[in-house]
2 protein chains.
Amino acid sequence: MTGEARARFERIYTLLRERICLLDYPPGMRLREEDLAEEFDTSRTPIRRVLARLEDEGYLRSVHGVGTIVTDIDIASLEQVYRLRVELSELIGKLSPAEPDEDAKRAFSAMKTRCEALVRTPSQRAFAQLNMDFFHLLMTLTENEPLQEFSERLYYQTTRIWLKRAAGEDGTEETLASEIGFFLREVSDIAAAVACGALESVGQIRRAHVAMSFARLKARAGEEVEAASL
Amino acid sequence: MTGEARARFERIYTLLRERICLLDYPPGMRLREEDLAEEFDTSRTPIRRVLARLEDEGYLRSVHGVGTIVTDIDIASLEQVYRLRVELSELIGKLSPAEPDEDAKRAFSAMKTRCEALVRTPSQRAFAQLNMDFFHLLMTLTENEPLQEFSERLYYQTTRIWLKRAAGEDGTEETLASEIGFFLREVSDIAAAVACGALESVGQIRRAHVAMSFARLKARAGEEVEAASL
DNA sequence: TGGTGCTGATTTGTACACAACATCGTTGGA
DNA sequence: TCCAACGATGTTGTGTACAAATCAGCACCA
């Protein structure tokens with residue numbers, strides 16, 4: 001796969017993965033190859049190439065005769081993925097850190113501004129988008145490509161489930177606002193660390209926040225079980 | 001993809017990946033979809049599904065009008081992958097370690113025996129096979145599936161290049177024997193750690209040996225450059 | 001009334017024909 | 001003699017028809 005075909009593949013792949021992570025395609029949703037083929041003005045063949053990759057990476061599950069379904073992840077499996085994600089988070093500052101220039105520092109500062117605006121007018125979708133943009137900005141701090149690739153995969157695999165359960169329609173508006181508040185603190189802390197070039201600290205801060213956000217999710221899941229059993 | 005189709009996919013995928021890692025398909029070799037289709041008694045379509053995954057994971061590169069080529073990795077990129085692999089190695093003992101039972105301990109002991117036999121009659125191919133078997137046995141020590149998956153990918157991606165450069169046709173028989181010797185020490189150390197249930201130590205020993213094996217490779221690459229420039 | 005099997009519709013999986021592209025050898029002219 | 005253009009050949013990428021599988025709805029019977 002080369003040239004134009006490659007470019008189209010990347011375009012569709014990135015877009016679909018983003019839709020899955022932003023919950024435009026929520027877990028359990030069924031996609032149809034022919035619909036996608038029509039949307040991207042091609043035949044099923046190139047679409048199937050993209051869906052195959054998304055399936056290999058665990059975002060989708062194709063079932064013969066049924067359809068292509070967006071996967072869901074139970075809390076036990078999610079915990080395994082989070083454990084690994086926590087460890088990888090810290091490596092951002094340890095493996096080939098890229099000294100941030102002035103543009104990068106401004107970008108982190110801009111993230112903080114966007115986040116403060118979000119606190120005033122909360123929205124799940126805007127939160128999801130900001131969270132993703134922030135993640136990609138963080139990834140520019142390491143030049144280790146394999147680390148970037150694996151971190152991306154763990155991020156996309158966990159964040160959508162976390163968003164759905166922690167700040168989704170299930171949760172109250174209160175929990176959404178609360179999560180945005182925690183996120184603002186993370187962005188502020190990391191922006192400060194980046195401002196003074198302390199990349200190792202960035203990794204440690206990130207690690208702590210990733211771990212805490214899962215801990216909150218788990219606690220909330222525990223409450224739900226408790227409430228259901230009453 | 002489900003049922004029988006899935007099983008066939010896994011079978012072909014695993015086999016081809018193994019061939020690539022054991023250097024039956026060395027870097028630069030060109031594969032033909034139609035040949036593979038004939039070998040596995042099917043059409044190009046299911047084969048392309050497998051090749052697509054192998055390409056996504058970086059083992060292959062399909063070029064329109066040319067062929068499907070086994071990738072090679074330059075020493076700079078390899079170093080990035082190794083840095084990450086070193087870090088992940090240690091996690092084996094920290095993330096969901098599986099307490100080894102008597103069977104597992106015997107399996108490690110058997111590895112040591114195989115390794116001692118290999119020292120007496122060195123063979124690159126047998127070394128590659130033993131190295132891979134040992135890796136898979138190590139993976140049974142953690143129950144964290146994402147960690148297993150990523151470790152596998154890093155292993156398959158680096159080991160084939162390492163084998164080619166450190167113990168392949170390029171190197172002398174002396175370097176092969178030397179590497180087998182180092183490997184025997186690693187297997188012995190790890191078997192001992194497993195025997196007394198010290199899984200955290202297993203991770204640390206493994207980490208050290210992975211780092212050292214790359215260091216030797218890099219040193220040898222340096223010598224070659226030096227020799228070439230004389 | 002409940003359950004059981006059938007049939008049609010829907011969807012993914014496979015096979016195959018053809019298009020697009022790259023490579024190499026050949027041939028013709030300067 | 002050199003080189004440039006062309007065509008033959010071989011390979012992956014795309015489109016499409018059909019096979020295989022699942023599911024829902026319904027008829028039918030105990």
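Worth saying up front: this structure is predicted, and the values here are computed from it rather than measured. Letters A, B, ... are given to chains in the order of the sequence lines, protein chains preceding strands, and every chain is numbered from 1.
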- Is the shortest distance from a Lys or Arg side-chain nitrogen in B/R153 or B/E149 to a carboxylate oxygen in the other one below 4.0 Å? no
- Which part of the nucleic acid, if any, lies within contact of A/T45, taking any heavy atom under 4.0 Å across all strands shown: a base, the sugar-phosphate backbone alone, or nothing? base
- Message: Check B/E33 with B/R48, please: is the shortest side-chain N to carboxylate O separation under 4.0 Å?
- Response: yes
- Item | 5′-ward residue of the pair A/T68/B/V63 relative to DNA chain C | A/T68
- Task: Answer yes when A/D72 and A/R61 have at least one side-chain N-carboxylate O distance shorter than 4.0 Å, and no when they do not.
- Result: no
- Message: Just to be sure I understand the geometry, which residues of residues 9-19 of chain B put a non-hydrogen atom under 4.0 Å away from DNA chain D?
- Response: none
- Item | Side-chain ion pair, A/R32 and A/E38, N-O less than 4.0 Å | no
- Take B/T175 and B/R220 through the test side chain to side chain donor-acceptor pair (under 3.5 Å) and record every step on the way to the result. CA-CA 10 Å; B/T175 62; B/R220 243 179 258 119; 5.2 Å; no
- Note on the structure: Note: for A/R8 and A/H64 on DNA chain D, the residue whose nearest nucleotide lies more 5' is A/R8
- Query: Side chains of B/M212 and B/F182: closer than 4.5 Å at any heavy-atom pair?
  - Reply: no
- Between A/E87 (side chain) and B/L91 (backbone), is there a donor-acceptor pair under 3.5 Å? no
- Task: Look at the rings of A/H136 and A/Y156 and say which category their plane angle falls in: under 30° parallel, 30 to 60° tilted, over 60° perpendicular.
- Result: tilted
- Residue A/R48, side-chain heavy atoms: nucleotide from C/dT12, D/dG13, D/dT22 that is nearest: C/dT12
- Side chain of B/R44 (C-beta onward), nearest among C/dT23, C/dG13, D/dT12: D/dT12
- Task: Please figure out whether A/V66 or A/R49 has its closest DNA chain D nucleotide nearer the 5' end.
- Result: A/R49
- Identify which nucleotide among D/dT22, C/dT12, D/dG15 has an atom closest to any side-chain atom of A/P46, counting heavy atoms from C-beta outward. D/dG15
- Message: Can you pull out the residues from residues 24-35 of chain A that lie within a 4.0 Å heavy-atom distance of DNA chain C?
- Response: A/R30, A/L31, A/R32, A/E33
